[in-house]
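Here's the structure, in structure tokens; my notes come after.
What you see is a predicted model; the values in this text were computed from it and never measured.
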Amino acid sequence: MAWVDGSVLVYVPAGGFTMGSGATDAPQKSVSLDDYWIYKTEITNSMYAFCVSVGACAPPAQELGTPVYDNPVYANYPVVGVSWDMAANYCSWIGGSLPTEAQWEKAARGEAGRKFPWGGDWAGCEFAVMNDGGPGCGQERSWPVCSKPSGNSPYGVCDMAGNVSEWVADWYQDKYYRKSPKRNPPGPEKGQA
């Protein structure tokens, strides 16, 4: 579905999935979520620049070595230099919200509990944008969104691993998911940003 800012939304159906990697702060747990929609891509520079141009968003901080957000050459690159508050503001401006950690993880891994969006194989340059300089990887810190379609999630969401980091609605609290609700966990009420 196309959205107000020119993005494409992907539908994630209701149901359960295995959340967590098994690490101390991410124990594996069966979680059930209501259905929801999530962006197919990260917010692009052009999408964010429009928000800035109408006065609804503050300009992002310029990070050394990253594309300038309002340079048309980098219009389809993911925006960087945006704080959690700025990301939440953008989502509110377009009539949405940041996904919870559980929503983000289900959209990334699918219902089968994949280790990565594409399956169980370790990340390679054919699946994710990585700036490690390996064969076919390049040295760039980011690439245009959806540059690695073989790494898309089971729902068709791009760049859930690699490219740039993404914000979720939740605070971080290392013990939260041990005791969190099994249905639609909202994330902890307080913790670390």
Side-chain angles (χ1 to χ4, degrees), residues 1-5 7-44 47 78-79 82 84 87-92 94-124 126-130 142 145-193:
M1 171 171 66
W3 197 238
V4 295
D5 60 359
S7 65
V8 173
L9 295 180
V10 174
Y11 177 74
V12 180
F17 77 107
T18 301
M19 184 173 177
S21 63
T24 304
D25 63 348
Q28 289 196 325
K29 177 179 183 174
S30 292
V31 172
S32 180
L33 297 176
D34 294 341
D35 62 340
Y36 61 98
W37 294 85
I38 194 165
Y39 273 45
K40 180 180 174 111
T41 72
E42 296 148 321
I43 302 302
T44 64
M47 291 159 62
V79 68
V82 175
W84 184 94
N89 177 65
Y90 180 90
C91 291
S92 178
I94 56 93
S97 63
L98 287 168
T100 65
E101 183 177 350
Q103 289 172 327
W104 188 94
E105 190 169 332
K106 182 178 181 183
R109 298 174 68 199
E111 295 179 2
R114 295 173 170 200
K115 186 172 185 172
F116 301 107
W118 53 85
D121 295 336
W122 186 248
E126 70 274 20
F127 298 124
V129 175
M130 301 180 297
S142 66
V145 296
C146 291
S147 292
K148 305 285 185 165
S150 58
N152 287 0
S153 81
Y155 300 106
V157 182
C158 303
D159 302 317
M160 297 295 277
N163 218 3
V164 300
S165 298
E166 298 161 2
W167 290 111
V168 295
D170 303 24
W171 289 97
Y172 172 74
Q173 193 180 87
D174 64 347
K175 295 182 177 140
Y176 175 76
Y177 282 100
R178 287 190 190 112
K179 58 183 176 12
S180 66
K182 291 186 177 191
R183 183 166 178 79
N184 297 317
E189 292 181 17
K190 60 184 179 177
Q192 298 173 333

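- Rounded to the nearest 0.5 angstrom, Leu98 CG and Ser92 OG are separated by 10.0 Å.
- One distance of note links CG of Asn152 with CZ of Phe127; it measures 11.5 Å at 0.5 Å rounding.
- A donor-acceptor contact closer than 3.5 angstrom is absent between the side chains of Asp170 and Tyr176.
- Side chain of Glu42 to backbone of Val145: no donor-acceptor contact under 3.5 angstrom is found.
- Using a 4.5 Å cut-off on side-chain heavy atoms (C-beta onward), Val79 and Tyr90 make no contact.
- Between the side chain of Ser150 and the main chain of Glu126, a donor-acceptor pair closer than 3.5 Å is present.
- In this structure the side chain of Met19 never reaches within 4.5 angstrom of the side chain of Lys106, judged on heavy atoms.
- When all heavy atoms of Val10 and Lys40 are compared, the pair lying nearest together is CG2-CB, 3.6 Å.
- Closest approach of Val168 to Trp104, counting heavy atoms only: CG1-CB, 3.7 Å.
- A pairwise comparison of heavy atoms in Tyr39 and Ile94 identifies OH-CD1, 3.2 Å as the closest pair.
- Summarising the geometry, atom OG1 belonging to Thr24 is positioned 9.0 Å from atom CG belonging to Asp174; distances are rounded to the nearest 0.5 Å.
- Distance alone, capped at 3.5 Å, places no donor-acceptor pair between the Asp34 side chain and the Asn184 backbone.
- Without hydrogens or angle criteria, Arg114 side chain to Ala108 main chain gives no donor-acceptor distance under 3.5 Å.
- Panel note: side chain Trp118, backbone Pro149; no donor-acceptor pair is recorded below 3.5 Å.
- Counting all heavy atoms, side chain and backbone alike, Thr100 lies closest to Pro186 at CG2-O, 4.3 Å.
- Remark: the backbone N or O of Gly162 is not paired with any side-chain donor or acceptor of Lys148 at under 3.5 angstrom.
- Judged by distance alone, the side chain of Asn163 and the main-chain N or O of Ser142 form no donor-acceptor pair under 3.5 Å.
- In this structure, Asp35 and Tyr11 have side chains that are in contact, with non-hydrogen atoms separated by less than 4.5 Å.
- Taking CD from Glu101 and CD from Gln173, the interatomic distance works out to 11.5 Å, rounded to the nearest 0.5 Å.
- Considering CD of Gln28 and OG1 of Thr18, their distance stands at 6.5 Å, rounded to 0.5 Å.
- Two residues are said to be in side-chain contact when any heavy atoms from C-beta on lie closer than 4.5 Å; Gln103 and Val31 fail this criterion.
- The shortest non-hydrogen separation linking Gly20 to Arg109 is O-NH1, 3.0 Å.
- At distances below 3.5 Å, not a single donor-acceptor pair connects side-chain atoms of Tyr177 with backbone N or O atoms of Lys29.
- Of all heavy-atom pairs spanning Ser153 and Met160, the tightest one is CB-CG, 4.5 Å.
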